[in-house]
Amino acid sequence: MSNQPIVKLVNVNKSYGNVYALEDINLDFYPGEIVSLVGDNGAGKSTLTKIISGTEGPDDKGQIMVDNTEVKNWTSAKARARGIETVYQNRALSEQQTIYDNVFLGREITNRFGFIDRKKEIEETESLMRKIGYTSKVWTPYSSVNKLSGGERQGVAISRAILFESRLVILDEPTTAMALTEAAEVLEFVRNLKKSGKSVIFISHNPWDAHAVADRFVILERGKIVFDGPKGSMSADDFIALLHKFAKKDIKS
């Protein structure tokens, strides 16, 4: 893992009127790691990821650094140009279309005459499916998305996110409302992202899923980072106990 972070947040704040969604966030995201970002509803997870992905800007105070260089007027276009992609909870797939149509939706490959190069798209889709760990021989790039399980659909969304030289992939609640077998598929897709050299921010309300894939935990409470540390030998039970400890402190305060 590189010593230089892909993204570094320095004293980042975000407020809506008199309400602070984030306060003095200092956080680094390094190549080749999976960070599980956890916290209760309203903790600031969504706001933090919107800032990282460029869909919202921080308040005037603070800095967003990419590859150790401060970026001004951070936007989603700049984030994608720097290799930061987001897979949102609803996945925004066109379920009546094929896998390869969805992977290249809005980013179609064209030939020198300006026509869509279907053959190239299908070849690229096959490569991506192997890269993230699609093992079933039932599905091909020609398969319709509406025939896939929830976990497999998430795999299509992840494939789309890593298509254009992404380095950091943000996954927003990727296992929500899934059966255990479907969630297990998604977790394996996430592990394969890391194996292919990507970094991942994994946002989840499910502590077992968050523990299963993490190299590092970041816990948010009321817009503040209350824990940022490696998983190490921490068991799932230890992790859940840690979450309960901070939740109790929050209630008392």
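Side-chain atoms are counted along with the backbone in the values below, which use heavy atoms only and exclude waters and symmetry mates. Note that the numbering runs from 1 along the sequence shown for the chain.
Screening residues 36-64 for ring-ring contact (aromatic ring centres under 6.0 Å, His included), with sequence neighbours left out, gives no hits. Listed by first then second residue, pairs satisfying ring-ring contact (aromatic ring centres under 6.0 Å, His included) with a partner in residues 43-66 number zero, not counting sequence neighbours.
If you chain together hydrophobic residues whose side chains sit under 4.5 Å apart, Val200 and Leu9 never meet in one group. In this structure, Tyr100 is not a member of the same hydrophobic cluster as Leu128, with clusters built from ILVMFWY side-chain heavy atoms closer than 4.5 Å. Under the 4.5 Å side-chain heavy-atom criterion for ILVMFWY residues, a single connected hydrophobic cluster contains both Leu93 and Val87. Under a hydrophobic-cluster definition in which Ile, Leu, Val, Met, Phe, Trp and Tyr are linked whenever side-chain heavy atoms come within less than 4.5 Å, directly or via other members, Leu48 and Val10 are assigned to different clusters. Under the 4.5 Å side-chain contact rule for hydrophobic residues, Phe104 and Ile122 do not share a cluster.
Residues passing the salt bridge (charged side-chain N to carboxylate O under 4.0 Å, His left out) test with Asp28, sequence neighbours excluded: Lys8. Every salt bridge (charged side-chain N to carboxylate O under 4.0 Å, His left out) that Lys72 has, sequence neighbours left out, goes to Glu70. Residues passing the side chain to side chain donor-acceptor pair (under 3.5 Å) test with Ser235 are Asp238, sequence neighbours excluded. Scored by the side chain to side chain donor-acceptor pair (under 3.5 Å) test, Thr98 finds Asp101 as partners (sequence neighbours excluded). When the side chain to side chain donor-acceptor pair (under 3.5 Å) test is applied to Glu188, the partners found at least two apart in sequence or on another chain are Arg191. For Asp59, the side chain to side chain donor-acceptor pair (under 3.5 Å) partners at least two apart in sequence or on another chain are Ser15. Judged as a salt bridge (charged side-chain N to carboxylate O under 4.0 Å, His left out), and not counting sequence neighbours, Lys231 has no contacts. In terms of the side chain to side chain contact (heavy atoms under 4.5 Å, CB included) criterion, residue partners of Asn111 (sequence neighbours excluded) are, by chain and number, Phe113, Phe115.
Across every non-hydrogen atom of Val103 and Ser159, the tightest pair is CG2-CB, 4.2 Å. The two residues Val186 and Gly151 come nearest to each other via the heavy atoms CG2-CA, 3.7 Å. The minimum heavy-atom distance between Ser94 and Val145, with the atom names listed, is O-CB, 4.2 Å. In plain terms, the two heavy atoms of Ser53 and Ile84 that are nearest each other are CA-CG2, 4.4 Å. Summarising the geometry of Lys78 relative to Asn73, their closest heavy-atom pair is NZ-O, 3.1 Å, with the distance given to 0.1 Å.
Within the 3.5 Å criterion, the main-chain N or O of Arg82 finds a donor-acceptor partner in the side chain of Arg167. Trp74 contributes a side-chain N or O that, together with a main-chain N or O of Ile51, makes up a donor-acceptor pair within less than 3.5 Å. With hydrogens and angles disregarded, no donor-acceptor distance shorter than 3.5 Å links the side chain of Glu85 to the backbone of Gly83. Side-chain atoms of Arg153 come within 3.5 Å of backbone N or O of Leu148 as a donor-acceptor pair. With hydrogens and angles ignored, the 3.5 Å screen pairs a side-chain donor or acceptor of Ser199 with a backbone N or O of Tyr30. Remark: the backbone N or O of Ser76 is not paired with any side-chain donor or acceptor of Thr55 at under 3.5 angstrom.
Side-chain contact annotation: Asn146 with Ser144, donor-acceptor N/O pair under 3.5 Å present. For the residue pair Gln63 and Asn11, no side-chain donor N or O sits within less than 3.5 Å of a side-chain acceptor on the partner.
Atom OH of Tyr16 and atom OG1 of Thr47 lie 4.0 Å apart (nearest 0.5 Å). In this structure, the separation between OG1 on Thr86 and CD1 on Ile203 is 8.0 Å, given to the nearest 0.5 Å. Remark: Leu193 CG to Ser166 OG distance equals 7.5 Å, nearest 0.5 Å. We find the CD-OG1 distance between Glu121 and Thr110 to be 9.0 Å, quoted to the nearest 0.5 Å. Atom-to-atom distance recorded for Ile158:CD1 and Arg160:CZ is 11.5 Å, nearest 0.5 angstrom. Separating the CD1 atom in Ile225 from the CG atom in Leu220 is a distance of 6.0 Å, to the nearest 0.5 Å.
With a 6.0 Å radius and a threshold of 12 heavy atoms from other residues, nucleotides or ligands, Asn68 has its CG atom above the threshold.
Within the 4.5 Å cutoff, side-chain heavy atoms of Ser36 are placed close to those of Phe217. Using a 4.5 Å cut-off on side-chain heavy atoms (C-beta onward), Val35 and Glu33 make contact. Side chains of Val38 and Phe239 form a contact here, defined as non-hydrogen atoms less than 4.5 Å apart. Here the side chains of Pro5 and Met65 are not in contact, with every heavy-atom distance at 4.5 Å or above. Counting only heavy atoms from C-beta outward, the side chains of Gln154 and Glu185 never approach each other to under 4.5 Å. Between Ile52 and Ile201 the shortest side-chain heavy-atom distance falls below 4.5 Å.
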Would you tabulate the side-chain donor-acceptor contacts of residues 205-213 under 3.5 Å, counting partners in other chains and residues two or more places apart, or write 'none'?
unit_1	atom_1	unit_2	atom_2	d
His205	ND1	Glu173	OE2	2.4
His205	NE2	Asn41	OD1	2.8
Asn206	OD1	Trp208	N	2.9
Asn206	OD1	Asp209	N	3.1
Asp209	OD2	Thr175	OG1	2.8
His211	NE2	Met234	O	2.7
His211	NE2	Ala236	N	3.2

Atom pairs and distances, side-chain donor-acceptor, residues 17-25, under 3.5 Å, sequence neighbours left out:
unit_1	atom_1	unit_2	atom_2	d
Asp24	OD1	Asn13	ND2	3.4
Asp24	OD1	Lys61	NZ	3.0

Query raised in the report: Would Phe202 and Leu187 count as a side-chain contact (heavy atoms from CB on, under 4.5 Å) if you check the C-alpha gap in whole Å, the side-chain angles of each, and the deciding distance to 0.1 Å?
Result: CA-CA 10 Å; Phe202 184 89; Leu187 298 183; 3.8 Å; yes
